[in-house]
Amino acid sequence: MGVDRPSLADDGLGKGAPGGQKGPNDRGASMRIATFNINGIKARAEALCAWLDEAAPDVALLQEIKSVDENFPRELFEDRGYNVETHGQKSFNGVAILSKLPLEDVSRGLPGDDEDEQARWIEATVTGDNHSVRICGLYLPNGNPVPGPKYDYKLAWMERMRRHAAGLLETEMPVVMAGDYNIIPQDEDAAKPEAWTEDALALPQSRDAFRRILNLGYTEAIRARTAAPGLFSFWDYQAGAWQRNNGIRIDHLLLSPQAADLMTEAGIDKDVRGRDKPSDHVPVWIDLAA
DNA sequence: ATGCCAAGAAAGTCTTGA
């Protein structure tokens, strides 16, 4: 909290001061919250720890841990000063929160469907020097192929999320909902938008559902700071997508009005994609004067 | 477009991802 920390953001959005200097809204308290789809905790333990040690986020929301809770290597993170809460399942999905501050009122699973057994949502409250923040980590369904039951599940899940997001606003707390949304919000969020027109990540119905959540009053962090095209958070392992910079931006942080007012920085740690044994996603983060 | 890469479960070669 409140300490200078290195920034890995080579997408640094051309704004803000380097080296962790204080932003204009910073009153001495700074909480960095990052989201990172790690694509398997077992395969990513080394790369994840290297990033944590360098980026030093106060809170890291992880998706696709692909692990049951009992097998999650929590000691790796506890040894680094993180509190750990997981919501996992066998083989697929699974989300986790790492936090240097205590995690209170932890809740697992997206409300609204008792039949849903997919581990895609976890939330907790973190208290900074001046504010308590409700932080939600989410892994939104991919939805392909379209049409089909997976796409129906995606749209139903997004409607459930919209309802829950509306309820969170009523608390008037700063709320951060961050994770892998599996949504390309606009054409400028893809290197080749024409390749995604029929895909569950970019179909008009998908974008509409995303926008309905935004329209409740949430701010998408990166787009609040820049309209620049070419900012991506995912590059496929196939067909040299990274080398060709054939990326898409699908990992997002949505902020309630109270949280948006606290944001001082936002960035994407793009260089993480070029390291050894990378995930296909990279971390996206914000700083809150919380 | 599909499944070029990767991960997991499991011991074949599926399934899933985006």
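Values below: every heavy atom of this structure, side chains too, minus hydrogens, waters and symmetry copies. Here is the naming used below: chain letters follow the sequence lines, and residue numbers restart at 1 for every chain. As the structure is a computational prediction, the values presented were derived from the model and not from experiment.
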Over how many whole Å does the gap from [X] atom [atom1] to [N] atom [atom2] extend?
{"X": "A:N182", "N": "B:dG17", "atom1": "CG", "atom2": "P", "answer": "9 Å"}
{"X": "A:R244", "N": "B:dC4", "atom1": "CZ", "atom2": "C1'", "answer": "10 Å"}
{"X": "A:N144", "N": "B:dA1", "atom1": "CG", "atom2": "C1'", "answer": "13 Å"}
{"X": "A:R120", "N": "B:dG17", "atom1": "CZ", "atom2": "C1'", "answer": "10 Å"}
{"X": "A:F234", "N": "B:dG17", "atom1": "CZ", "atom2": "P", "answer": "12 Å"}
{"X": "A:D199", "N": "B:dT2", "atom1": "CG", "atom2": "P", "answer": "11 Å"}

field: Residues which pass salt bridge (charged side-chain N to carboxylate O under 4.0 Å, His left out) with A:D251, listed by chain and number, not counting sequence neighbours
entry: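 Not a single residue meets the salt bridge (charged side-chain N to carboxylate O under 4.0 Å, His left out) criterion with A:D251.
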- Taking only residues two or more places apart in sequence, or in another chain, which ones meet A:D152 in a salt bridge (charged side-chain N to carboxylate O under 4.0 Å, His left out)?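 For A:D152 there are no salt bridge (charged side-chain N to carboxylate O under 4.0 Å, His left out) partners, ignoring immediate neighbours.
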For atom [atom1], what is the distance between [N] and [M], given to the nearest Å?
{"N": "B:dA10", "M": "B:dT16", "atom1": "C1'", "result": "15 Å"}
{"N": "B:dG12", "M": "B:dT2", "atom1": "P", "result": "30 Å"}
{"N": "B:dC14", "M": "B:dA1", "atom1": "C1'", "result": "22 Å"}
{"N": "B:dT15", "M": "B:dA11", "atom1": "C1'", "result": "15 Å"}

- Minimum side-chain heavy-atom gap A:L201-A:F234 below 4.5 Å: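 No. Closest side-chain heavy atoms not under 4.5 Å.
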Side-chain donor-acceptor pairs under 3.5 Å in residues 118-125 of chain A, sequence neighbours left out?
from   : atom 1 : to     : atom 2 : distance (Å)
A:Q118 : OE1    : A:N93  : ND2    : 3.4
A:Q118 : OE1    : A:R120 : NE     : 2.9
A:Q118 : OE1    : A:R120 : NH2    : 2.8
A:R120 : NH1    : A:Y139 : O      : 3.0
A:R120 : NH2    : A:N93  : OD1    : 3.3
A:W121 : NE1    : A:E123 : OE1    : 2.8
A:E123 : OE1    : A:H164 : NE2    : 2.7
A:E123 : OE2    : A:R134 : NE     : 2.8
A:E123 : OE2    : A:R134 : NH2    : 3.0
A:T125 : OG1    : A:R134 : NH1    : 2.9

Pairs flagged by salt bridge (charged side-chain N to carboxylate O under 4.0 Å, His left out) wherever [range] is involved - sequence neighbours left out:
{"range": "residues 190-203 of chain A", "result": "none"}
{"range": "residues 101-112 of chain A", "result": "A:E85-A:R108"}
{"range": "residues 61-76 of chain A", "result": "A:R74-A:E78"}

How is [X] classified with respect to the nucleic acid when contacts are heavy atoms under 4.0 Å: base, sugar-phosphate, or nothing?
{"X": "A:E64", "result": "sugar-phosphate"}
{"X": "A:N71", "result": "nothing"}
{"X": "A:Y181", "result": "nothing"}
{"X": "A:I184", "result": "nothing"}
{"X": "A:D251", "result": "nothing"}

Quiz item: For residues 176-225 of chain A, which residue pairs qualify under ring-ring contact (aromatic ring centres under 6.0 Å, His included), counting only residues two or more places apart or in two chains?
Solution: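 Sorted result for residues 176-225 of chain A: A:Y181-A:F210, A:Y181-A:H252, A:F210-A:H252.
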- In residues 186-195 of chain A, what residues come within less than 4.0 Å of DNA chain B, judged by heavy atoms?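 Hits under 4.0 Å, by residue number: none.
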Closest non-hydrogen atom pair between A:S233 and A:I250, with its separation:
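Answer, listing the atom of A:S233 first, then A:I250: OG-N, 3.1 Å.
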For nucleotides 6-16 of chain B, list the nitrogen or oxygen atoms of the protein found under 3.5 Å from its nitrogen or oxygen atoms, one pair per line.
from  : atom 1 : to     : atom 2 : distance (Å)
B:dA7 : OP1    : A:R44  : NH1    : 3.1
B:dA7 : OP1    : A:R44  : NH2    : 3.0
B:dA7 : OP2    : A:K277 : NZ     : 3.4
B:dA9 : OP1    : A:S91  : N      : 3.4

(Q) Quick check against the 3.5 Å criterion: does A:R80 have a side-chain atom that pairs as donor or acceptor with the backbone of A:L76? (A)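 Between the backbone of A:L76 and the side chain of A:R80 there is a qualifying donor-acceptor contact (under 3.5 Å).
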Please compare A:D236 and A:Q118 by the position of their nearest nucleotide in DNA chain B and report the one closer to 5'.
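It is A:D236, whose closest nucleotide lies nearer the 5' terminus.
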